Amino acid sequence: MTAKVLITTAIDYVNDVIHIGHAYQKVLADCVARYERLHLGNDNVYFLTGTDEYGTTNEKAAAKRNITPKEHVDEISGLDKKQIDSLNVSYNRFIRTTDEDHKKIAQEFFAKSLAAGDIYKSHYEGLYCEGCESYKTISELNESGQCNLHPTRQIQKIDEEDYFFRWTKYQSFLLELLQNERFVLPEGKRKEMVAFVEQGLKDIPVTRPKYKVTWGIEAPNDPEHVIYVWFDALINYYTAGLQNGFWNDETNIVHFLGKDNARWHVLLWPAMLKSAGLRIPDTIYVHGFVNLNGQKISKSLGNIIRPDELVAQFGVDPVRYYLLKHGPIIDDVNISLDHIKEVYNSDLANGLGNTVARLAKMAEKSGLKFELKSFGSEIFSENWAEPFKDYRVDVALQNIWKLLSEVDKHINENQPWAITDQDKLKTVLTYEVDQVRKIALLIEPYIPTTAKQIQEILGKEIIKSSAPLFPRLQ
RNA sequence: CGCGGGGUGGAGGAAUGGCACCUCGUCAGGCUCAUAAUCUGAAGGUCCCGGUUCGAAUCCGGGCCCCGCAACCA
C-alpha cells in the first residue's frame, strides 16, 4: 500500500465558465480526496484542480474584447474557481497554467524530452478555414472539401514548421502499460484505448510558431515557438506533484477526467512522462458525461446550468449528494431538476434528515446521557468502504444508506418510545445513536457540511433535537 | 459495410449462462418517536424475430430504435 495519494481533475479550458458537467468531476475527485484524508491523514493527500489557459482560442477571444489574453484568462479562471468553490471542493491547490512555476517546470519538462531525442523539427500539414480561423480535419469538411460554416471560402493548405513529439516511439510501451488492469478504469475504457493504439499512432506537433500564436509558453530551445497548449496543460499535474513531494514512488497518482480527454491522458501523457524519464501515473479514471433533460449540455442549445445556480436552489450538500449518487461514474447519465428534487426528498429529507430528527427527539426526551466513543481505523475495512478501491463512490454511498435504513428498521422494531425500563431504553437508544454518529463520519466525504451538523446534534452526551436538516421540498 | 456504447416493471439503475435485484413512484396494512415521516407486504419487467443450451437479460444470427466518438468542448 502506498502511503500517499495525489488526486487530480482535468484542468478546464477557459474558453467558457464551467457548467454542471465539469462540476461533477470536481465533486467526484473531491469525494475521493476527502475519503483518502480520513483514511490516510490530511498530510498524505494532495488534491489538485485548476484551469488551462493558453492557446489561440483565448488569444482571439481577448482580442475581440479588446483586452489582453492575461486579463481574459484571469477573469474566466476566477469565475471557474468561484463555481468550484460553490461546491465546497477541498483542493489543495487551484493551479493555472499561466502560473510562473508551471511555466518554468513545463519548459524543463520539454527540455528533458528534447534531450531524450523525442522532439524534432518538421513540417505540419493541415487544412485551415479562414472563416473559422481554425484548423480542420478532412472529416470536418463537406463532400466538396469546404468548411460547413464557410462554404464560400477556399480551404487553405497549411504547411508550417513545428517541433514534433515522437509519439510513435512509445506505441509498444503504451500497449504494455495498458496490460495493467488498474491503469485505466473503468475496464471498458481501457479496452477502447488499447484498440486505439493498435490502429497506430502518429507523431504530433508540440509547438506552434509565434507568428501565429503568441499566447503560450515559449519553447526552451527556440524563441520563435511556443509549446502547444495540450502539451503544457498535461504537465500541470507534474508541476504541482513535484513541488509538494507527490510525484514519487510513495504516492498513488490518480487522474480523474471525462471521456473526451481519455486519449490525451491515457496515451500522450504517459508517453511524455516516459520520454522525460519521469514516473507514470497509477490510475486514470474516466467518467461519462452529464446530460440535462435528455439533451447534451452545450452553449448552442442554451441549456447550460452552472453549479452555483443549483446550489442556490438546493443547497451545496444536496447537489453534491445527487451528483455523487447519480452522476456519470461510468456511462453518461441524464439529470433533471425534478430528479434532483425527488432524490432530495427521499434520501435526504425522508432518509437522513428524518432519522436524525426522530432519534434526536427520543434521545432528548429520554433524559439519558450518551457517552462518546471514537471509531478506529477498522471502519475502513468495512463493507461500505470497499467500493472506494475502484472509486465507485456511488456504490459506497448506497452501502452507507443501507446502514441508515437499518437504523430506521431498528427503531421501528424496538419502539423506543414505548420502552419504560430505563436500562433497556438506554441500550436501544445508545446503539441507534452510535450508528448514526458513525454514519455522520462516513458521509463526510460526500456531504461534509451536513456531516458536521449531525456531529453537532448527536455528538454530545446530552442530545437536543433541532430544526430539520433538510426540509421537504414541495 | 468508419469506430464504439446502449434498449431490463410507470421512472432511473444493477445483474455477462443458473430462482431477475435495488431506489423512486403506486396500492394495502402496521406504528406514532420523526419532516404527510417511518416499518411490513403486494402488484408490475428483460425492444422484436430466430438459433445454441438442460437452462439465455447475458452467447450467436437477423431486424428496429436511441446515443456518443471520428486525434485540443468534463
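By convention in this document, chain letters (A, B, ...) are assigned in the order of the sequence lines, proteins followed by strands, and residues within each chain are numbered from 1. Just the heavy atoms: all of them, side chains too, but no hydrogens, waters or symmetry mates, feed the values below. Quantities reported herein were computed from a predicted structural model and do not represent experimental measurements.
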- Quick one, which residues of residues 327-337 of chain A touch RNA chain B with a heavy atom under 4.0 Å? none
- Query: Near RNA chain B, which residues from residues 401-412 of chain A have a heavy atom under 4.0 Å away?
  - Reply: Asp408(A), Lys409(A), Asn412(A)
In whole Å, what separates the [atom1] atom of [N] from that of [M]?
N: rG29(B); M: rC67(B); atom1: P; answer: 44 Å
N: rG4(B); M: rG61(B); atom1: P; answer: 13 Å
N: rA70(B); M: rG9(B); atom1: P; answer: 31 Å
N: rG50(B); M: rA11(B); atom1: P; answer: 25 Å
N: rC47(B); M: rC66(B); atom1: C1'; answer: 11 Å
N: rC19(B); M: rG12(B); atom1: C1'; answer: 25 Å

Return the value, rounded to whole Å, for the distance between atom [atom1] of [X] and atom [atom2] of [N].
X: Asn291(A); N: rG68(B); atom1: CG; atom2: C1'; answer: 9 Å
X: Trp417(A); N: rU38(B); atom1: CH2; atom2: C1'; answer: 8 Å
X: Lys426(A); N: rC33(B); atom1: NZ; atom2: P; answer: 22 Å
X: Asn261(A); N: rC73(B); atom1: CG; atom2: P; answer: 8 Å
X: Lys361(A); N: rU35(B); atom1: NZ; atom2: C1'; answer: 11 Å
X: Leu234(A); N: rA71(B); atom1: CG; atom2: C1'; answer: 13 Å
X: Met362(A); N: rC39(B); atom1: CE; atom2: C1'; answer: 13 Å
X: Asn414(A); N: rU38(B); atom1: CG; atom2: C1'; answer: 14 Å

Partners meeting ring pair (Phe, Tyr, Trp, His ring centres under 6.0 Å) with [X] (sequence neighbours left out):
X: His123(A); value: none
X: His225(A); value: Tyr163(A)
X: Tyr321(A); value: Trp401(A)

- Which nucleotide in rU35(B), rA71(B), rC73(B) has an atom nearest any side-chain atom of Asn354(A): rU35(B)
- Task: State which of rC33(B), rA71(B), rU35(B) makes the closest approach to the side chain of Leu201(A).
- Result: rA71(B)
Proximity of [X] and [Y] rings by center, below 6.0 Å:
X: Phe314(A); Y: Tyr322(A); answer: no
X: Tyr285(A); Y: His255(A); answer: no
X: Tyr344(A); Y: His339(A); answer: no

Hey, does [X] reach any base, or is it just sugar-phosphate, or nothing, if we go heavy atoms under 4.0 Å?
X: Phe289(A); result: base
X: Lys26(A); result: nothing
X: His19(A); result: base
X: Leu469(A); result: base
X: Phe470(A); result: base
X: Pro471(A); result: base
X: Asp12(A); result: sugar-phosphate

- Task: Between Lys259(A) and Leu348(A), just flag the one whose closest nucleotide in RNA chain B comes earlier from the 5' side.
- Result: Leu348(A)
- Could you say whether Val290(A) or Ala349(A) is positioned toward the 5' end of RNA chain B, judged by the nucleotide with the nearest heavy atom to each? Ala349(A)
What's touching nucleotides 7-9 of chain B from the protein side, N or O pairs under 3.5 Å?
none

- Message: Ignoring hydrogens, what is the shortest heavy-atom contact between Val393(A) and Tyr446(A)? Give both atom names and the distance.
- Response: O-OH, 2.7 Å
Output one line per pair: protein atom, nucleotide atom from nucleotides 23-26 of chain B, and distance, for all N/O pairs under 3.5 Å.
residue: rC24(B); atom: O2'; partner: Glu342(A); partner atom: OE2; Å: 2.7

- salt bridge (Lys or Arg N to Asp or Glu O under 4.0 Å) pairs touching residues 281-295 of chain A, sequence neighbours excluded, are Arg279(A)-Asp282(A)
Compile the donor-acceptor pairs under 3.5 Å between side chains in residues 450-458 of chain A and protein atoms, sequence neighbours left out, one pair per line.
residue: Thr450(A); atom: OG1; partner: Asp317(A); partner atom: OD2; Å: 2.6
residue: Gln455(A); atom: NE2; partner: Ala440(A); partner atom: O; Å: 3.3

- Give a yes/no verdict on a cation-pi contact between Lys460(A) and Phe370(A), requiring under 6.0 Å between NZ or CZ and the six-membered ring centre and an angle within 45° of the axis. no
- Exactly one candidate in Glu160(A), Glu59(A), Glu218(A) meets salt bridge (charged side-chain N to carboxylate O under 4.0 Å, His left out) with Arg208(A); the answer is Glu160(A)
- Check side chain to side chain contact (heavy atoms under 4.5 Å, CB included) between Glu406(A) and all other residues, then give those that pass, not counting sequence neighbours. Leu403(A)
- side chain to side chain contact (heavy atoms under 4.5 Å, CB included) with Lys103(A): which residues, sequence neighbours excluded? Tyr54(A), Glu100(A), Ile217(A)
- State whether Glu75(A) and Lys70(A) are salt-bridged, where the test is any N-O pair (Lys NZ or Arg NE/NH1/NH2 against Asp/Glu carboxylate O) under 4.0 Å. no
- Partner residues of Ser465(A) under the side-chain hydrogen bond (donor to acceptor under 3.5 Å, both in side chains) criterion, sequence neighbours left out: Glu364(A)
- Item | Any side-chain donor near an acceptor of the partner, Ser86(A) and Asp308(A), under 3.5 Å | no
